[in-house]
Peer 1: 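I'd like to ask you about the structure that follows.
Just the heavy atoms: all of them, side chains too, but no hydrogens, waters or symmetry mates, feed the values below.
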Protein chains: 2
Amino acid sequence: MHSGISPDTIPTSPSPLRERQAKRISILEAAGDVFCREGYAGANIDLVATEAGVSRQTVYNHYGDKEKLFIAVVRDLTERCNASIFATMATFPDRPNNLEDDLVAFALRMNRNCICNREGRLLHKLIQADGERYPELLTIWREQGPGRTWSAMAAHFARLAHAGYLVMDDPDLAAHHFVALVNAQLRTTFMLGEAPTEAEVTQSTRNGVRAFLRAYGKCRSAAPGETSSQGRHYHGN
Amino acid sequence: MHSGISPDTIPTSPSPLRERQAKRISILEAAGDVFCREGYAGANIDLVATEAGVSRQTVYNHYGDKEKLFIAVVRDLTERCNASIFATMATFPDRPNNLEDDLVAFALRMNRNCICNREGRLLHKLIQADGERYPELLTIWREQGPGRTWSAMAAHFARLAHAGYLVMDDPDLAAHHFVALVNAQLRTTFMLGEAPTEAEVTQSTRNGVRAFLRAYGKCRSAAPGETSSQGRHYHGN
DNA sequence: AGACAGTTGGACAGGCTTGTCTAATTTGTC
DNA sequence: GACAAATTAGACAAGCCTGTCCAACTGTCT
C-alpha cells in the first residue's frame with residue numbers, strides 16, 4: 001500500500017515524489033487515529049490535517065473526500081493486518097519441541113504483532129463502530145480477514161492432531177477455543193480499545209494455553225491443583 | 001430507573017403522570033437505538049424525537065441536553081443489564097444434577113438474557129464506541145458491572161470446586177475461561193453488534209461447556225474423537 | 001532564469017445540528 | 001366551564017464542518 005515507488009528506483013534522495021508519499025502516509029495514519037478516537041461522524045478533517053502536519057487542502061488533494069479517506073484508511077489497515085497475521089501464522093509450531101511453550105510463544109507473537117498493536121486495535125474499533133455503514137468494506141474484511149485466518153489456523157491444528165500432539169474432532173472449533181482462551185483475560189481491556197500491559201498479555205496467554213492443552217492435549221497433563229509445576233497456573237510473578 | 005411512581009399509588013389509569021413517564025421511557029429507548037447506530041457525534045436529536053414519537057422540544061424538556069441524554073441512556077442500560085446479570089447469576093447450578101447440561105442451560109440464560117439481548121448489545125457498543133469520552137461513566141460501569149460479575153461467577157465456580165464437581169486453582173481464571181469458551185464461536189458476530197442466531201448461540205454454548213469440562217472437570221470426560229456420545233461435539237443438527 | 005508540480009493559508013458558501021423561544025393545542029383536574 | 005401542565009409545530013440564531021476556490025509560496029528540473 002505504501003509503495004508506488006520501490007526503494008530501489010529512488011534511493012534515499014528527498015525527491016518531491018518521496019515527500020509526497022510521506023505526506024500521503026502521514027495523512028493515512030493521522031486519519032486512522034482520528035477516525036478511531038472520534039468515530040466517522042465526529043472526525044474532523046481539520047484535525048486530521050493538523051495531526052498529519054499538513055494543510056487541509058492537501059488532504060483533499062490526496063483523498064478527495066471524507067468518505068474516500070475513511071475507506072482508504074480501513075482498506076490500508078485491513079491489508080496491513082492481514083499481512084502480519086499471515087506472516088505470523090507461518091510461524092505456527094507444526095513440529096513443536098515443547099508443545100506448551102511453543103504454543104505460548106506463537107500466541108504471544110500473534111497477540112503482539114497482529115491484535116494488540118496499533119493497526120489491530122484501530123481496525124477492530126473502526127470495523128465495530130462504523131463498519132455497518134459500509135457493507136462492502138465489511139464483507140471484504142470479513143472474507144479476507146477472519147475467514148482465511150480461521151481456516152488457516154484450523155489447518156495447523158489439524159496437522160498437529162494428525163501428528164499426534166492433540167486430539168480433536170473439529171479443528172475449526174479448536175482454533176476458536178484456542179483464540180478465546182488465550183485472550184480470555186484481556187477482554188475487558190480489549191473492549192475499551194486500550195493496549196494491555198505486556199504482563200497481562202503474557203499471563204493471559206500462558207493460562208489460556210494451559211487450559212487449552214487440558215481440553216485438547218493427548219496425554220492429559222496434570223489437572224490444576226495437583227502438585228505439578230506444569231499444572232499450576234501462571235500469575236506472572 | 002423507570003419508576004418515580006410506584007405501580008401501587010396509581011393503578012392503570014391513563015393519568016398525565018403516567019403518560020409523561022411513558023414518553024420518558026420512549027425517548028430513552030429511541031435514544032439508545034440511535035446513539036448505538038450512529039454514534040454520539042452522528043446521533044441526531046430530531047431523529048430520536050421522531051423515533052420516539054415525540055416532538056423535539058419534549059426531548060429537551062425531559063433531558064435538557066444531548067450529553068445529558070447520552071449519559072442517561074448509558075446509566076439506564078448499565079442498571080438494567082446489571083440487574084438481569086445478577087438475576088441470572090442467582091440461577092447458577094451450585095448443586096448440579098447433570099453438570100454439563102446445567103452449565104449449558106445457565107450459560108444459555110446468561111447469553112440470551114444479558115449479553116445477546118437488546119440492552120446487552122447496545123451497552124456493549126456504546127461503551128466501546130463512546131465510552132472513552134466519559135471516563136466517570138466508564139469507571140461506574142466497570143466497577144459495578146464486570147468487576148462484580150467476575151467475582152460473583154468466580155465464587156460460584158469455587159463452590160462447585162469445593163463440592164468436588166470441578167478442579168481448579170484460580171476460580172476467577174476459571175470464570176474467565178468459561179465465558180470465553182462459551183462465546184468462542186460468537187466473537188465475529190458480536191464484533192459487528194449483530195444478534196447471533198438462536199442456533200449459533202446453542203452450538204457455541206454447548207461446545208464451549210464441553211471444552212470447559214475437559215479442562216476443568218474432575219472425572220475427565222472422554223476426549224473428543226473417542227467414540228462417546230458425550231465427547232462428540234455439537235453441530236446443532 | 002523559467003517552467004512546473006505540489007503545498008499552504010485563508011476566505012467563503014452551503015448545509016446540517018443544536019438549543020431556545022413562542023404561540024397554539026391537547027388533556028386531565030377542580 | 002375554567003385552569004394548569006405538558007406537548008407540539010414551527011421559526012430562529014449561532015455554531016461547526018465540509019468541500020471549493022484562489023493567490024502566494026517552495027522546491028526541483030530543464
Peer 1: Mind calculating the distance between CZ (A/R20) and C1' (D/dT26) to the nearest angstrom?
Peer 2: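 After rounding, the gap between these two atoms is 15 Å.
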Peer 1: Let me know, please, whether A/G42 or B/T58 comes out on the 5' side of the other along DNA chain D by nearest nucleotide.
Peer 2: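 Nearer the 5' end of the strand: B/T58.
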Peer 1: Just say parallel, tilted or perpendicular for the rings of A/H176 and A/W150, cut-offs at 30° and 60°.
Peer 2: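 A/H176 and A/W150: parallel rings.
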Peer 1: Which heavy atom of A/F190 sits nearest a heavy atom of B/Q128, and at what distance?
Peer 2: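 Scanning both residues completely, I find the closest heavy atoms to be O-NE2, 4.2 Å.
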Peer 1: Going by salt bridge (Lys or Arg N to Asp or Glu O under 4.0 Å), name the pairs with one or both residues in residues 177-193 of chain A, residues two or more places apart or in two chains.
Peer 2: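 Every candidate salt bridge (Lys or Arg N to Asp or Glu O under 4.0 Å) pair involving residues 177-193 of chain A fails, so no pair, neighbours aside, qualifies.
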Peer 1: So which protein N/O to nucleotides 20-22 of chain C N/O distances come out below 3.5 Å?
Peer 2:
residue : atom : partner : partner atom : Å
C/dC21  : N4   : B/Q57   : OE1          : 2.6

Peer 1: Given atom CD of A/E19 and atom P of D/dC29, what is their separation to the nearest angstrom?
Peer 2: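 So the two atoms are 12 Å apart, to the nearest Å.
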Peer 1: In whole angstrom, give the distance that lies between atom CD1 of B/I27 and atom P of D/dT8.
Peer 2: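 Rounded to whole Å, this separation is 8 Å.
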Peer 1: Test the B/K66-B/Y40 pair against the cation-pi criterion, namely NZ or CZ under 6.0 angstrom from the six-membered ring centroid and within 45° of the ring axis.
Peer 2: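 Verdict for B/Y40: a cation-pi partner in B/K66.
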Peer 1: Can you confirm whether B/L69 sits close enough to B/D65 that some side-chain heavy atom of one is under 4.5 Å from a side-chain heavy atom of the other?
Peer 2: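 No; the side chains remain at least 4.5 Å from each other.
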Peer 1: Whole-Å distance between C/dT17 C1' and B/E38 CD?
Peer 2: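 That distance rounds to 14 Å.
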Peer 1: May I have the distance from B/L47 (atom CG) to C/dT18 (atom C1'), rounded to whole angstrom?
Peer 2: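 In whole Å, C/dT18 C1' and B/L47 CG are 15 Å from each other.
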Peer 1: Quantified as the angle between the terminal helix axes (five pairs each), what is the overall bend of the helix from C/dA1-D/dT30 to C/dC30-D/dG1 to 10 degrees?
Peer 2: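 Nearest ten degrees gives 0° for this helix.
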Peer 1: Side-chain N or O of A/K68 versus OP1/OP2 of D/dT18: is the shortest distance under 4.0 Å?
Peer 2: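 Checking D/dT18 against A/K68, no side-chain N or O comes under 4.0 Å of OP1 or OP2.
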Peer 1: Minimum heavy-atom separation for A/A174 to A/F212, with atom names?
Peer 2: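 Closest pair (atom of A/A174, atom of A/F212, distance): O-CE1, 3.4 Å.
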Peer 1: Is the Lys NZ or Arg CZ of B/R24 less than 6.0 Å from the centre of B/Y63's six-membered ring, within 45° of the axis?
Peer 2: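 Ring-cation test returns yes.
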Peer 1: Among D/dA9, C/dT8, C/dT18, which nucleotide has an atom closest to any side-chain atom of B/K66?
Peer 2: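 Nearest to the side chain of B/K66 among the choices is C/dT18.
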Peer 1: Show every salt bridge (Lys or Arg N to Asp or Glu O under 4.0 Å) that has at least one partner inside residues 31-43 of chain B, sequence neighbours left out.
Peer 2: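 For residues 31-43 of chain B, and leaving out neighbouring residues, the salt bridge (Lys or Arg N to Asp or Glu O under 4.0 Å) pairs sorted by first residue read A/R133-B/E38, B/D33-B/R118, B/R37-B/E51.
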Peer 1: Side chains of A/T91 and A/T88: do they bring a donor and an acceptor to under 3.5 Å?
Peer 2: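 Side-chain D/A pair, A/T91 to A/T88: absent.
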Peer 1: Categorize B/A43 for me: base, sugar-phosphate, or nothing, with a 4.0 angstrom heavy-atom threshold over every strand shown.
Peer 2: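 Touches sugar-phosphate only.
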Peer 1: Rounded to the nearest Å, what distance is computed from the CG atom of residue A/D46 to the C1' atom of nucleotide C/dA11?
Peer 2: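 Checked: the CG to C1' distance equals 13 Å.
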Peer 1: Measure from CG on A/N61 to C1' on C/dT8 and round the result to the nearest Å.
Peer 2: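 The answer, rounded to whole Å, is 10 Å.
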Peer 1: Let me know the distance between CD1 of A/I45 and C1' of C/dG9, rounded to the nearest Å.
Peer 2: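 The distance from CD1 of A/I45 to C1' of C/dG9 comes to 17 Å, rounded to the nearest Å.
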Peer 1: Using the side-chain heavy atoms of A/V54, tell me which of these nucleotides is nearest: C/dT8, D/dA6, C/dT18.
Peer 2: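 Output: C/dT8.
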Peer 1: Hey, what are the protein-to-nucleotides 14-16 of chain C N/O distances that come in under 3.5 Å?
Peer 2:
none

Peer 1: Distance check: side-chain N/O of A/H62 vs OP1/OP2 of C/dT7, anything under 4.0 Å?
Peer 2: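 Checking C/dT7 against A/H62, a side-chain N or O does come within under 4.0 Å of OP1 or OP2.
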Peer 1: In the structure I gave you, are the side-chain heavy atoms of B/H124 and A/M191 within less than 4.5 Å of one another anywhere?
Peer 2: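 They are in side-chain contact.
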Peer 1: Do B/D172 and B/S151 come close enough that some side-chain heavy atom pair is under 4.5 Å?
Peer 2: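 Result no, sub-4.5 Å side-chain heavy-atom pair not found.
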Peer 1: Among all residues two or more places apart in sequence or in another chain, which pass the salt bridge (charged side-chain N to carboxylate O under 4.0 Å, His left out) test with B/E198?
Peer 2: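 Only B/R112 meet the salt bridge (charged side-chain N to carboxylate O under 4.0 Å, His left out) criterion with B/E198.
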